[in-house]
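The structure appears right after this line, and notes come after that.
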There are 2 protein chains.
Amino acid sequence: MTRRTGFDSVDAAILLAMTASPRATVLALAQRVLLSRNTIQARLTRWDQDELLLSFERRIDPESLGYRLTAFITASVVQRQLDAVAGALRDIPEVLEVHGVSGERDLLIRVVGEDADDLYRVAGSILAIPGVERTSTALVMRQLVAFRMTPLLQIVARRKGR
Amino acid sequence: MTRRTGFDSVDAAILLAMTASPRATVLALAQRVLLSRNTIQARLTRWDQDELLLSFERRIDPESLGYRLTAFITASVVQRQLDAVAGALRDIPEVLEVHGVSGERDLLIRVVGEDADDLYRVAGSILAIPGVERTSTALVMRQLVAFRMTPLLQIVARRKGR
DNA sequence: CGTGTACTGGTCATTGTGCCCAATATTCTC
DNA sequence: GAGAATATTGGGCACAATGACCAGTACACG
């Protein structure tokens with residue numbers, strides 16, 4: 001019963017509809033996707049049983065909260081202290097996301113700041129974490145492509161199986 | 001009327017409640033935040049009038065769609081062709097997000113792939129875009145801190161003004 | 001070819017929604 | 001600090017949506 005599988009093509013179709021109009025009711029979605037209300041309901045229920053959707057926080061724009069600047073900071077860390085560093089990063093509110101990556105640098109950190117000074121302060125407090133060896137900051141100057149999932153959803157929605 | 005301003009402390013409180021339970025009804029939110037139902041309703045209405053919330057797509061996990069690998073690709077581009085490159089990137093479904101950044105590299109590109117081969121293919125098609133000079137790929141091996149907004153929300157919720 | 005799963009169309013009571021109102025706080029502006 | 005503009009409140013209303021059922025049917029898989 002607990003499929004534990006991800007989204008199938010039907011899910012993708014529903015997700016597309018929801019992306020188009022997030023406030024839509026279940027009924028509205030049903031006729032948009034040409035499925036019965038019950039089916040939609042069942043899917044939705046499964047989604048939050050299996051926790052397939054990511055946190056709502058993702059829909060909150062830092063800019064609307066007054067954090068106008070975003071930057072990506074790459075950092076090299078002493079491998080032994082990786083977890084400690086991760087913990088310290090978690091304690092910095094302006095750190096929104098941290099990835100452990102392959103390549104020259106070990107961490108890719110997404111941070112925000114209210115303004116240039118603020119961002120500078122945040123960058124400083126990251127560099128101050130014991131175990132962090134080098135950092136370099138790349139300021140986001142322009143959003144060329146805003147986060148999107150639609151193209152992939154369409155692909156998944158099209159492929160009939162699964 | 002159209003405040004066009006971002007979120008204030010009350011909004012932040014509501015957003016926190018919504019983050020805690022995204023499926024909560026307006027009534028439930030109201031008593032959680034200790035405000036009247038009408039106030040919540042008014043805020044919500046304003047949010048989607050002013051389009052303060054980011055797209056629902058953000059809540060969809062690529063992994064649940066079968067795209068198990070994520071990578072960040074940095075790229076240098078011929079400045080003149082920046083817009084053309086951005087356009088070409090937009091045509092690649094696996095490209096989820098593109099930022100124009102300061103620093104050595106010009107672009108920071110978030111991509112996904114079904115597996116290593118797929119990711120390699122995607123990286124290749126980016127490198128093939130005219131105007132792209134160099135790229136380097138950083139594979140995401142671990143999520144140290146998953147995207148979050150709660151710490152900032154709490155800060156904004158606390159500060160009484162605005 | 002049989003069995004289990006998913007989808008359907010239907011009904012039901014309950015709850016939430018969107019909208020209205022007038023009264024009262026609160027905040028802002030001059 | 002007076003006055004005006006704006007937010008919040010509590011109340012009420014008709015309507016729509018929800019979640020929960022159910023039995024019948026289509027479908028896919030082994």
Side-chain angles (χ1 to χ4, degrees), chain A residues 1-53 56 59-61 64-66 153-162, chain B residues 1-53 55-56 59-60 64-66 153-162:
Chain A
M1 166 152 301
T2 327
R3 279 244 163 247
R4 196 41 75 198
T5 336
F7 295 120
D8 66 2
S9 58
V10 174
D11 292 315
I14 303 175
L15 287 168
L16 276 171
M18 292 184 69
T19 299
S21 39
R23 315 262 306 155
T25 72
V26 173
L27 194 62
L29 292 173
Q31 47 197 67
R32 212 170 189 307
V33 185
L34 301 177
L35 289 175
S36 90
R37 183 177 81 93
N38 278 332
T39 303
I40 310 288
Q41 205 100 317
R43 298 297 181 131
L44 258 24
T45 305
R46 188 170 71 84
W47 292 358
D48 63 49
Q49 273 177 350
D50 295 4
E51 291 178 324
L52 285 178
L53 284 179
F56 171 84
R59 296 196 54 194
I60 304 170
D61 187 354
S64 300
L65 280 177
L153 281 176
Q154 282 165 343
I155 291 176
V156 175
R158 259 192 280 278
R159 71 175 178 229
K160 271 297 144 61
R162 188 111 345 69
Chain B
M1 168 153 300
T2 329
R3 276 243 165 247
R4 195 44 73 200
T5 333
F7 295 121
D8 65 3
S9 57
V10 174
D11 291 315
I14 303 174
L15 287 168
L16 276 171
M18 292 184 69
T19 299
S21 38
R23 314 263 304 155
T25 72
V26 173
L27 195 61
L29 291 173
Q31 48 196 68
R32 211 169 189 309
V33 185
L34 302 178
L35 288 175
S36 90
R37 181 178 82 94
N38 277 331
T39 303
I40 309 288
Q41 204 99 317
R43 298 296 181 132
L44 258 12
T45 304
R46 187 169 72 84
W47 292 358
D48 64 48
Q49 273 177 350
D50 295 4
E51 291 180 324
L52 286 178
L53 284 179
S55 167
F56 171 83
R59 295 196 55 194
I60 304 170
S64 300
L65 280 177
L153 281 176
Q154 283 165 344
I155 291 176
V156 175
R158 259 193 280 278
R159 71 173 176 229
K160 274 295 143 64
R162 188 112 344 72

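We use all heavy atoms of the structure for the numbers below, so side chains are in, but hydrogens, waters and symmetry mates are not. Residue numbers start from 1 in every chain, and the chains themselves are labelled A, B, ... in the order their sequence lines are given, proteins ahead of strands.
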Of the listed C:dG18, D:dT18, C:dG16, the closest approach to the A:Gln41 side chain comes from D:dT18
Can you measure A:Leu44 atom CG to D:dA20 atom P for me and round it to whole angstrom units?
12 Å
Donor-acceptor contact below 3.5 Å, side chain A:Thr39 vs main chain A:Leu35
no
Could you check how far CG of B:Asp48 sits from P of C:dG18, rounded to whole Å?
9 Å
Length of the line joining B:Leu29:CG and D:dT8:P, which is rounded to integer Å
15 Å
Can you tell me if A:Asp8 uses its side chain to pair, donor with acceptor, with the backbone of A:Val10 under 3.5 Å?
yes
More 5' along DNA chain C: A:Arg23 or A:Leu34, using each one's nearest nucleotide?
A:Leu34
Rounded to whole Å, please give me the gap between CD1 in A:Ile40 and C1' in C:dG9.
14 Å
Send over the distance from B:Asp8 CG to C:dC28 P, rounded to a whole Å.
11 Å
C:dG9 phosphate, OP1 or OP2: any side-chain N/O from A:Ser36 under 4.0 angstrom?
no
Closest heavy-atom pair and its distance - B:Leu16, B:Ala157
CD1-CB, 4.1 Å
The side chain of B:Asn38 is closest to which nucleotide in this list: C:dC7, D:dA17, D:dT9?
D:dT9
Please determine if a side-chain N or O atom of B:Arg37 lies less than 4.0 Å away from the OP1 or OP2 oxygen of D:dG11.
no
5'-most by nearest nucleotide on DNA chain D - B:Arg43 or A:Leu27
B:Arg43
Has B:Ser21 got a side-chain atom pairing as donor or acceptor with B:Arg23's backbone, closer than 3.5 angstrom?
no
Candidates C:dT8, D:dT18, D:dT8 - which lies nearest the side chain of B:Val10:
D:dT8
